[in-house]
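Comments concern the structure below.
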2 protein chains.
Amino acid sequence: MTTLTDVTDGATAKGEQTRELILSTALRMFREQGYGKTTMRAIAGEAGVSVGNAYYYFGSKEHLMQAYYDLLVAQHREAVEPILQAEKSFTARMTGVLLAWLEVAAPYHEFAGTFFKTAADPNSPLSPFSEQSAPAREAGIEIFRQVAEGSDLKLPADLRAELPELLWLLEMAVVLFWVHDKSPDLRRTTSLVNRAVPLVDRLLRLTRLPVVRGIATDIVGLIKAVKP
Amino acid sequence: MTTLTDVTDGATAKGEQTRELILSTALRMFREQGYGKTTMRAIAGEAGVSVGNAYYYFGSKEHLMQAYYDLLVAQHREAVEPILQAEKSFTARMTGVLLAWLEVAAPYHEFAGTFFKTAADPNSPLSPFSEQSAPAREAGIEIFRQVAEGSDLKLPADLRAELPELLWLLEMAVVLFWVHDKSPDLRRTTSLVNRAVPLVDRLLRLTRLPVVRGIATDIVGLIKAVKP
DNA sequence: GTCTATAACACGATAGAC
DNA sequence: GTCTATCGTGTTATAGAC
């Protein structure tokens, strides 16, 4: 029986190097000329390998994008740690996490649209809602679980249980907005985050009112019922 | 000086016919084999025209998709009319409009993913948020203006002004959900609509409470501030 | 203005040899 | 693991016919 670690040592060390070379070359060219104008031939040529070799490591051009996304997620997770250590208020934690995402992703904004394009395709394994993305999605939701749990929020149990997923959805919405944002310095998106998060905070605290809490309970019920 | 109507009469009648032929052939083939497996050569062949002719009427394969979308919107507008005539309650009107969309779009569900794939690309003219889509978007929003105005809803003026656009956004969200829905008969999406709309209704009426109204005002302010 | 026929191009992707 | 050669596709170009 082979173990997962087998693939990372010995004979494949060189392979890993080639993989890295192709990936970093691709990302640099995506950044410099955009996704559409960067051809697989050009990536292979620039990296000094054959096209076939590039396809040996990355099943498609979109898989190179997916690799970039994984990188982004890792960087975000790192950037978020000090914020979660320092801040206590929900607004500060949530705003910090979202702004950290914008900062990490900023260099790739111009061609991020292409990634989002495949993300919207329900048949693509790259979709954030797909089964293949489940691990990455869970990791993303986990961040928002920490955002909520380490904060000063007091919520009814049913809402608290669903909140991380809801906050993750909110992040998806922010990303959607961000992808379409053409304003200088992405001011519209940062403004959206800075103003929307306090509103979410107020909305969540409103669940103390019985009328609002009734609706909140029903919304949670709806979400549960409609999840696949 | 030539007038706009010149292009629609006399000599172009045959052209219009050819255009229709190409479009209907393409849509049938998209439906039967999916978008990806339907080639431009095959469409032209099946329609009995040359490839060049297909490109004469449709600038690209995606333009054929756009034409399909326009068709869908027109069908939806038709399907919606009797509902808006008959129903008075907001919930019934809104639910009716959304379910009508699901019904009209159902035959295309399988390959709709491919369409929304390109629609999600912010650089694509097919994006519902793009400048080129502005007329279609306005027309869509207009439907929800009718939904709200002809209903029994009583809302503060600022919220009422933004509501049609918000309801249109809600429709976009439903479509996004629909595209990813793999359940038999699209039950999850219909269930979402049937349960979410009454909740929206209740939420909107809650704005009578001063606390809630305060937040609603701020949300409207945020939306206005963040619109391009 | 509408349409045909055919070739050619660039690109993503694949096959199969080494 | 890596290469070369090749395929299938969207799209464009050419050169013309009615």
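Letters A, B, ... mirror the listed sequences (proteins, then strands); counts begin at 1.
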Checklist entry - Of all heavy-atom pairs between B/Ile22 and B/Ile43, which one has the smallest distance, and what is that distance? => result O-CG2, 4.1 Å

Checklist entry - Taking the side chain of A/Asn53 as heavy atoms from C-beta outward, which of D/dG1, D/dG10, C/dC3 is closest to it? => result D/dG1

Item to check | For atom CE of A/Met65 and atom P of C/dG12, their distance in whole Å | outcome: 12 Å

Item to check | A/His63 NE2 - C/dG12 P separation (whole Å) | outcome: 15 Å

Next on the checklist: What's A/Ser50 touching, base or sugar-phosphate or nothing? Going by heavy atoms closer than 4.0 Å.
Outcome noted: base

Checklist outcome for this item: In DNA chain C, consecutive runs of at least three Watson-Crick or G-U pairs below 3.5 Å, as range with range, amount to C:1-18 with D:1-18

Checklist outcome for this item: Heavy atoms of A/Gly140 and A/Trp168 approach each other most closely as C-CD1, 3.9 Å

Next on the checklist: So does A/Phe129 get a backbone contact from the side chain of A/Ser133, meaning a donor-acceptor N/O pair under 3.5 Å?
Outcome noted: no

Checklist entry - Between A/Met40 (CE) and D/dC3 (C1'), how many Å, whole number? => result 15 Å

Next on the checklist: What I'd like to find out is whether the side chain of B/Thr95 reaches to under 4.5 Å of the side chain of B/Glu87, using heavy atoms alone.
Outcome noted: no

Checklist outcome for this item: Readout for nucleotides 12-18 of chain D: B = base within 4.0 Å of protein heavy atom, S = sugar-phosphate only, - = neither; 5' to 3' it is B------

Item to check | Distance, rounded to the nearest Å, where A/Lys37 contributes NZ and C/dA10 contributes C1' | outcome: 15 Å

Next on the checklist: Can you confirm whether B/Pro128 sits close enough to B/Arg137 that some side-chain heavy atom of one is under 4.5 Å from a side-chain heavy atom of the other?
Outcome noted: no

Checklist outcome for this item: 5'-most contact on DNA chain D (nearest-nucleotide basis), B/Ser60 vs A/Thr18, goes to A/Thr18

Next on the checklist: Below 30° counts as parallel, above 60° as perpendicular, anything between as tilted: where do the rings of B/Phe111 and B/Tyr68 land?
Outcome noted: tilted

Next on the checklist: Please report the distance, rounded to the nearest Å, between CD1 in B/Ile43 and P in D/dT11.
Outcome noted: 10 Å

Checklist entry - Does some side-chain heavy atom of A/Val97 sit less than 4.5 Å from a side-chain heavy atom of A/His76? => result yes

Checklist entry - Thinking salt bridges, do B/Lys182 and A/Glu131 make one under a 4.0 Å N-O criterion? => result no

Item to check | Residue B/Tyr57, side-chain heavy atoms: nucleotide from C/dC3, C/dG12, D/dT2 that is nearest | outcome: C/dC3

Checklist entry - Taking only side-chain nitrogens and oxygens of A/Tyr56, does any of them come within less than 4.0 Å of OP1 or OP2 of D/dT2? => result no

Checklist entry - Hey, is the side chain of A/Arg41 pairing donor to acceptor with the base of C/dG12 inside 3.5 Å? => result yes

Item to check | Whole-Å gap separating C1' (D/dT2) and CZ (A/Arg19) | outcome: 17 Å

Next on the checklist: In whole Å, I'd like the distance from the CG atom of A/Leu21 to the C1' atom of D/dG1.
Outcome noted: 14 Å

Next on the checklist: Rounded to whole Å, how long is the line connecting atom NZ of A/Lys61 with atom P of C/dG12?
Outcome noted: 4 Å

Checklist entry - Looking at B/Tyr35, does the NZ or CZ of B/Lys61 lie under 6.0 angstrom from its six-membered ring centre and within 45 degrees of the ring axis? => result yes

Item to check | Residue pair B/Ala105 / B/Trp178: nearest heavy atoms and the distance that separates them | outcome: O-CZ2, 3.6 Å

Checklist entry - Is B/Gly36 touching bases, backbone alone, or none of the nucleic acid, heavy atoms closer than 4.0 Å? => result nothing

Checklist entry - When you measure from the side chain of A/Thr39, which nucleotide among D/dG10, C/dG12, C/dC3 comes out closest? => result C/dG12

